[in-house]
Amino acid sequence: IYQNISCVKRLLFAFLLFTFYFSSAQSDSCSIRISLLTCTPGEELYSTFGHSAFRVVDSSTNTDIVFNYGTFDFYDPDFYKKFIQGKLLYFVATDSLPSFLLEYEYYKRGVTEQVLNLSCPEKLTLLSALYENAKEENKYYRYDFNYDNCTTRLRDILEKITRQKLQTKNILPHTGTTFRNLIHEYLNKGGQHWSKLGIDILLGSPLDKKVTNSEAMFLPDYLMMAFDSAAYNGKPLVSEKNILINAFENKKSNTLFTPFVLFSILFLVICVLSFLKKEWVNFFNFFDFIFFLILGLLGSLLVFMWLGTNHAMCKNNFNLLWALPSHLPIAFLLFSEKVWVKKYFSIIFYLTLVLLAAWFFLPQQLNIALLPVAGIVLVRSYFCKRN
């Protein structure tokens, strides 16, 4: 009997010890809190679209770490070459929350936190994956602004550990929204008219693809909206939402000197002066050379960005219909008396007529500021084929 009682006591003690250990482990797991940080846009072009990161708080170790997938080495000796070719590598970096917030306070950018409603094992799995990504041998990746950036990486790693796609309500502003529409939304808000023009010239028709809910999450604000509306295992994905830094209202630059206004004025001036032949002949000798030289150089750049780089969004660029690379050698033959030079401008004249007629029906949305530029091509090619 004594031995049986001792055996029962030992079993009871082992059971209590196991229960205590298991509850402690659960407590340690649940001391982890993981949240999505969404930062408001800044004034510089690189910060126009905002930023996202994961925050991990572990009360058992008293740590508060931010995992940031949007860092790159600006001091790389081949930085500009890799950036232009689309071969620049981004990497995962870790930082303490106070240090992370200090930068955004300095630049007056808001930060919103969404605490994720995950189970303890899922938090541990996600934390393990984040640390695995941050290892030196794993942290680098080929950055793609639309499909694989510092924001989409957060969504993808969450979907990987939950083993299901993020199910959200519609977050798109309207039916038929394209990548270009979403990018314009931010550039218009920031009053970045010249940056918008540059982006519209460099990026081709792939940017006019209609986006899905999931594809719209390449922008931090849209990932935040998706998390707000998402459900996971029958419960909201976000359990708590906090404002860590209040958003500051960026003052939009209200200027009349937009590309459309300036190019329209130039178009009107060129139209008027073109009919005053003798008085302005020397001016147009110079203007036509510079104008077609610039168009030729720009067209050559667009061809290079299409064929010579890894930027998928630079392909199939319809801006080549007005910025032809062939304008580059022709600029040096403007004073030639060869018949084929006049025939060249005759072809350009009719090609530009067709382009202007089809402007709003092309597979690519061309920037409205380029209409007067195409108008100048039409007017000057007409006079070049005549004279």
- Item | Residues Glu105, Lys108; criterion salt bridge (Lys or Arg N to Asp or Glu O under 4.0 Å); working and verdict | CA-CA 5 Å; Glu105 283 180 329; Lys108 297 183 179 180; over 6 Å; no

Are side-chain heavy atoms of [X] and [Y] found at a separation under 4.5 Å?
| X | Y | answer |
| --- | --- | --- |
| Cys150 | His51 | yes |
| Tyr222 | Leu182 | yes |
| Leu266 | Ile270 | yes |
| His184 | Lys196 | yes |
| Leu237 | Asn117 | no |
| Ile265 | Pro372 | no |
| Thr94 | Tyr131 | no |
| Leu324 | Ile330 | no |

May I ask you to decide if [Y]'s main-chain N or O and [X]'s side chain share a donor-acceptor pair within less than 3.5 Å?
| X | Y | answer |
| --- | --- | --- |
| Thr48 | Leu45 | yes |
| Ser99 | Ser96 | no |
| Gln114 | Met224 | yes |
| Thr177 | His174 | yes |
| Asn310 | Lys87 | no |
| Ser59 | Ser31 | yes |
| Arg155 | Phe218 | no |
| Asn181 | Thr178 | yes |
| Ser52 | Thr38 | no |
| Asp148 | Tyr143 | no |

Assess, by modelled atom type and distance only, whether the side chains of [X] and [Y] contain a donor and an acceptor separated by less than 3.5 Å.
| X | Y | answer |
| --- | --- | --- |
| Thr168 | Asn213 | yes |
| Ser119 | Glu122 | yes |
| Ser214 | Thr212 | no |

- Message: Test salt bridge (Lys or Arg N to Asp or Glu O under 4.0 Å) on Glu113 and Arg55; report intermediate values, then the result.
- Response: CA-CA 8 Å; Glu113 176 188 41; Arg55 175 192 183 188; 2.8 Å; yes

Centroid-to-centroid, [X] to [Y], below 6.0 Å?
| X | Y | result |
| --- | --- | --- |
| Phe67 | Phe100 | no |
| Tyr147 | Phe179 | yes |
| Phe49 | Phe145 | yes |
| Tyr107 | Phe248 | no |
| Tyr382 | Phe345 | no |

Measure the [atom1]-[atom2] distance between [X] and [Y] for me, rounded to the nearest 0.5 Å.
| X | Y | atom1 | atom2 | value |
| --- | --- | --- | --- | --- |
| Asp156 | Lys165 | CG | NZ | 6.5 Å |
| Leu334 | His327 | CG | NE2 | 10.5 Å |
| Ser274 | Phe383 | OG | CZ | 5.0 Å |
| Lys385 | Ile348 | NZ | CD1 | 12.5 Å |
| Asn316 | Leu203 | CG | CG | 12.5 Å |
| Ile201 | Asn319 | CD1 | CG | 6.0 Å |

- Is the closest basic N to carboxylate O distance between Lys139 and Glu136 below 4.0 Å? yes

- Query: Any salt bridge between Lys241 and Asp228, counting N to O under 4.0 Å?
  - Reply: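 Judged by the 4.0 Å cut-off on N to carboxylate O distance, Lys241 and Asp228 do form a salt bridge.
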
Same cluster for [X] and [Y] if Ile/Leu/Val/Met/Phe/Trp/Tyr side chains link at under 4.5 Å?
| X | Y | value |
| --- | --- | --- |
| Phe360 | Leu321 | yes |
| Phe287 | Leu378 | yes |
| Leu166 | Ile34 | yes |
| Phe349 | Leu371 | yes |
| Leu154 | Val115 | no |

- Message: Taking side chain to side chain donor-acceptor pair (under 3.5 Å) as the cut-off, I'd like each qualifying pair that reaches into residues 346-365, sequence neighbours left out, listed once.
- Response: Asn317-Gln364

Can you tell me if [atom1] on [X] sees more than 12 non-hydrogen neighbours from other groups inside 6.0 Å?
| X | atom1 | value |
| --- | --- | --- |
| Lys235 | NZ | yes |
| Phe335 | CZ | yes |
| Asn242 | CG | yes |

- Derivation and outcome, salt bridge (Lys or Arg N to Asp or Glu O under 4.0 Å), residues Glu215 and Lys209: CA-CA 10 Å; Glu215 288 171 333; Lys209 176 185 179 296; 2.9 Å; yes

- Message: Suppose we screen for salt bridge (charged side-chain N to carboxylate O under 4.0 Å, His left out). Which residues come up paired with Asp144, at least two apart in sequence or across chains?
- Response: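 Checked Asp144 against salt bridge (charged side-chain N to carboxylate O under 4.0 Å, His left out); zero matches.
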
- side chain to side chain contact (heavy atoms under 4.5 Å, CB included) evaluation trace for Leu244 with Leu37: CA-CA 9 Å; Leu244 303 185; Leu37 301 181; 3.8 Å; yes

- Geometric cation-pi criterion, Lys189 with Tyr186: 6.0 Å, 45°: yes

- Measure from NZ or CZ of Arg380 to the centre of the six-membered ring of Phe284, then state whether that distance is under 6.0 Å and the direction lies within 45° of the axis. yes

- Task: Show your reasoning for whether side chain to side chain donor-acceptor pair (under 3.5 Å) applies to Asn188 and His193.
- Result: CA-CA 7 Å; Asn188 290 338; His193 308 292; 5.2 Å; no

- Task: For Leu158 and Leu118, run side chain to side chain contact (heavy atoms under 4.5 Å, CB included): C-alpha distance rounded to whole Å, both residues' side-chain angles, the deciding distance at 0.1 Å, then the answer.
- Result: CA-CA 10 Å; Leu158 179 64; Leu118 302 174; 4.1 Å; yes

- Message: Is there a side chain to side chain contact (heavy atoms under 4.5 Å, CB included) between Asn367 and Phe263? Walk through the geometry before answering.
- Response: CA-CA 12 Å; Asn367 194 292; Phe263 291 162; over 6 Å; no

- Message: Please determine whether ring pair (Phe, Tyr, Trp, His ring centres under 6.0 Å) holds for the pair Tyr69 and Phe91, giving the CA-CA distance in whole Å, both sets of side-chain angles, and the decisive distance to 0.1 Å.
- Response: CA-CA 6 Å; Tyr69 283 75; Phe91 59 90; over 10 Å; no

- Message: Show the nearest heavy-atom pair for residues Pro363 and Asp208, with the distance to one decimal.
- Response: O-CB, 3.7 Å

